[in-house]
There are 2 protein chains.
Amino acid sequence: MVASVELVAERAGVSVSTVSRALRSIPGVSAATRKRVQRAADELGYSASPAASRLATGRTMTVGIVVPVLAKWFFGKVIGQATYALREAGFDVLLYELATAGQRQRFFGTVHLHGRTDGVIIVALQPSREELESLASQGQAVALLGAQAQGAGSVSVDNVGAGRAAVRHLLNLGHEQIAFIGIRDEEGSTLGGVPPLERLVGYREALAEAGLTLDDAFEQFDENSVAGGAAAMSRLLVAGRPPTAAFVASDEMAFGVLKVLRQAGLEVPRDFSVVGFDNHELCDVVGLTTMDHEVAEQGQDVARILLEIMQGGQAANLARPARLVVRETTAPPRALRTATTAPDSQHSAGHPGNL
Amino acid sequence: MVASVELVAERAGVSVSTVSRALRSIPGVSAATRKRVQRAADELGYSASPAASRLATGRTMTVGIVVPVLAKWFFGKVIGQATYALREAGFDVLLYELATAGQRQRFFGTVHLHGRTDGVIIVALQPSREELESLASQGQAVALLGAQAQGAGSVSVDNVGAGRAAVRHLLNLGHEQIAFIGIRDEEGSTLGGVPPLERLVGYREALAEAGLTLDDAFEQFDENSVAGGAAAMSRLLVAGRPPTAAFVASDEMAFGVLKVLRQAGLEVPRDFSVVGFDNHELCDVVGLTTMDHEVAEQGQDVARILLEIMQGGQAANLARPARLVVRETTAPPRALRTATTAPDSQHSAGHPGNL
DNA sequence: CTGAAAGCGCTTACAG
DNA sequence: CTGAAAGCGCTTACAG
């Protein structure tokens with residue numbers, strides 16, 4: 001049902017070599033012939049067999065995108081943006097979801113990409129040296145998002161700085177009992193990537209700089225989801241000395257935090273402040289204060305960087321900014337507020353505390 | 001860097017034909033030889049060149065997934081589930097985002113899939129007869145999610161019935177001024193698919209059955225996003241005769257509706273009820289009452305159906321259920337409530353109405 | 001059960 | 001500027 005070069009050559013009255021050259025805009029074909037070939041190809045609805053060209057050239061014009069999970073806003077956004085940029089450049093994209101350590105092992109332990117893709121974008125996964133070597137031996141160009149590695153391009157965010165900024169915002173509001181809710185990696189794998197860990201470092205740095213002591217009980221980890229955030233917050237609620245605010249390493253977890261807080265009868269930000277991370281598209285709906293790190297741009301950047309590598313360019317390493325987006329989930333802690341705000345404050349000192 | 005059949009054949013001391021047969025578990029190879037070949041292949045880290053096998057067999061062991069947009073929960077969920085099922089069956093997945101009418105035209109107007117995929121899953125897009133013919137001429141098996149067509153497998157939901165159920169819930173609570181907020185298709189294309197239209201039909205049917213008259217001003221359409229829902233709700237707020245409830249065709253739009261309501265000082269569900277559609281993972285966070293239609297299952301089903309077709313089976317057409325999930329955004333309308341609830345109702349009849 | 005050889009449909013030196 | 005031919009790395013009748 002689909003034409004071949006021979007058909008086109010016959011119809012245009014030239015050899016297959018000429019058809020091949022004419023259609024791929026290779027110099028050394030007269031304008032007239034080129035036009036004739038083009039028309040014949042159009043009339044036949046011809047499109048070169050990808051398998052045959054790949055076999056002949058060794059190039060696949062396809063890129064792989066590897067993510068730890070598909071059904072999350074962050075990854076959907078990144079994939080969407082990267083895919084768009086890749087398609088513009090004429091590349092197809094093959095999708096790989098590595099949700100478990102087992103899948104990850106199988107993916108890197110097998111030669112699968114060779115002959116399927118020319119390069120691969122790895123999102124939120126820190127590949128080991130062996131994994132990187134496997135990719136290299138398969139002839140893959142590689143670009144990382146949210147990680148860095150020798151020989152690979154990358155785009156990342158200063159997560160330590162961003163974490164510190166988030167906590168500083170809370171400190172500046174007067175909070176001193178600040179918790180951290182982070183992403184727990186599944187079964188010891190690094191599926192969640194390193195950024196979550198860096199955010200914890202930023203949290204600790206900010207507290208240390210403020211002269212506050214760290215409290216293990218204030219650092220809670222759980223799976224990166226609404227349920228995970230809710231579970232972590234629930235643990236904080238029963239702590240001996242309850243926090244008045246929390247920096248949550250992902251917006252989705254922060255949504256869960258907000259939910260638990262509401263269920264516990266605590267009003268945000270009156271009774272508790274929370275700042276998230278990502279600037280998820282639904283932050284606006286719940287008014288979540290968060291750290292924005294331009295996810296869409298990261299997706300485009302990582303695609304551009306991979307494209308450059310595949311064209312023989314240098315493997316660029318890009319650092320992207322993060323910034324605080326203040327909405328409605330942060331405010332001074334209640335104790336402080338009653339002391340500093342106007343005397344006619346509606347929150348009397350005798351207000352029954354919920355925490 | 002990657003071994004070829006010849007290398008393996010040499011190492012195992014057999015011909016390439018035998019290697020090929022042994023590795024693909026084709027009968028007619030002695031157990032001993034098979035074992036020897038397998039070992040040689042393992043030692044060399046051999047994996048058949050996909051380009052070469054595709055050229056020789058005509059099969060790609062790859063499936064395409066086409067969605068109107070990637071960065072949305074619904075599509076991420078569907079893709080994730082379908083991808084998992086496909087991978088289990090040994091297929092790779094190629095991703096295509098058709099966000100604009102132009103992209104759609106280019107995709108179907110060109111022979112692109114031929115030689116790249118054996119079949120394609122099309123999500124939330126109603127392909128025309130020409131588009132279907134193009135896919136068929138390219139040798140593609142096709143399965144639809146959220147649409148139906150001659151010769152294609154499909155999984156869909158009774159959207160008319162689901163829409164009717166959603167509205168009936170509102171009617172049963174006593175609402176009589178019920179609005180519909182739907183998805184507006186971009187520039188006359190059917191990128192949004194038919195389900196949103198069917199939900200409108202269900203809405204109208206329910207109202208008609210209840211003996212209520214339809215009001216054009218109560219039917220608002222906008223883009224399928226938080227912003228779109230917010231814009232549509234804003235239009236409803238300035239209507240001459242304001243509604244007391246709305247059935248919103250997607251949860252994301254419903255989130256926008258909730259946001260506008262809150263900004264307008266209206267309390268949900270006290271002043272206004274809303275029921276969404278999808279059972280988005282974040283419904284739980286905001287307490288949105290919605291219609292669940294088992295999105296994950298739909299993703300698995302459509303993959304299974306495509307797999308069956310590619311194995312030469314019948315193109316199955318599956319209908320899936322939808323059900324109401326009551327949370328916290330629906331209640332009787334205020335007027336009714338003050339009249340029917342206990343006399344000591346805290347909402348006095350004289351309460352200043354916001355709508 | 002195993003091997004030699006043709007063929008899948010392109011691309012690309014090599015000649016002219 | 002154009003064409004004949006080899007080659008990319010598999011698979012699969014066809015013989016044996």
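Small disclaimer: the values here were computed from a predicted structure and weren't measured. Residue numbers begin at 1 in each chain, while the letters A, B, ... track the order of the sequences.
Among all heavy-atom pairs drawn from A:Val37 and A:Val19, the shortest one is CG1-CA, 3.9 Å. For B:Val111 against A:Ser47, the heavy-atom pair with the smallest separation is O-OG, 3.1 Å. Considering every non-hydrogen atom in both A:Ala141 and A:Leu306, the closest pair reads O-CD1, 3.6 Å.
With a 3.5 Å limit on both pairing distances and Watson-Crick or G-U wobble geometry required, the stems of 3 or more pairs in DNA chain C span C:1-3 with D:14-16, C:5-12 with D:5-12, C:14-16 with D:1-3.
A donor-acceptor contact under 3.5 angstrom links the side chains of B:Ser134 and B:Gln138, judged on distance only. Between the side chains of B:Ser30 and B:Thr33, at least one donor-acceptor pair of N or O atoms lies under 3.5 Å.
Remark: B:Thr62 engages B:Arg54 in a side-chain hydrogen bond (donor to acceptor under 3.5 Å, both in side chains) (not counting sequence neighbours). Every side-chain hydrogen bond (donor to acceptor under 3.5 Å, both in side chains) that A:Asp92 has, sequence neighbours left out, goes to A:Arg87, B:Tyr96, B:His112, B:Arg116. The side-chain hydrogen bond (donor to acceptor under 3.5 Å, both in side chains) check on B:Ser15 picks up B:Thr18, with sequence neighbours excluded. Checked against side-chain hydrogen bond (donor to acceptor under 3.5 Å, both in side chains), A:Ser49 has no partners two or more places apart in sequence or in another chain.
Legend: salt bridge (Lys or Arg N to Asp or Glu O under 4.0 Å) pairs involving residues 14-39 of chain B, not counting sequence neighbours, sorted by first then second residue: B:Arg39-B:Glu43. For residues 71-80 of chain A, no pair satisfies side-chain hydrogen bond (donor to acceptor under 3.5 Å, both in side chains), with sequence neighbours left out. For residues 133-155 of chain B, the salt bridge (Lys or Arg N to Asp or Glu O under 4.0 Å) pairs, not counting sequence neighbours, are B:Arg129-B:Glu133.
By the 6.0 Å contact criterion, CZ on B:Phe108 is enclosed, its count of non-hydrogen atoms from other residues, nucleotides or ligands being greater than 12. In the displayed structure, B:Glu308 atom CD is contacted under 6.0 Å by more than 12 heavy atoms of other residues, nucleotides or ligands.
If you check residues 25-33 of chain A against DNA chain C, you find no residue with a heavy atom closer than 4.0 Å. Within residues 5-19 of chain A, the residues approached by DNA chain C to less than 4.0 Å at the level of any non-hydrogen atom are A:Val5, A:Ser17, in residue-number order. Contacts between residues 47-54 of chain B and DNA chain C, defined by a heavy-atom separation below 4.0 Å, involve no residue at all.
Counting heavy atoms from C-beta on, the side chains of A:Asp118 and A:Gln140 never come closer than 4.5 Å.
Counting 5' to 3', DNA chain D first comes under 4.0 angstrom of a heavy atom of chain B and last does so at the ends given by D:dG9 to D:dA13.
Annotation: of the two residues near DNA chain C, B:Arg36 and A:Ser4, the 5′-most nearest-nucleotide partner is B:Arg36.
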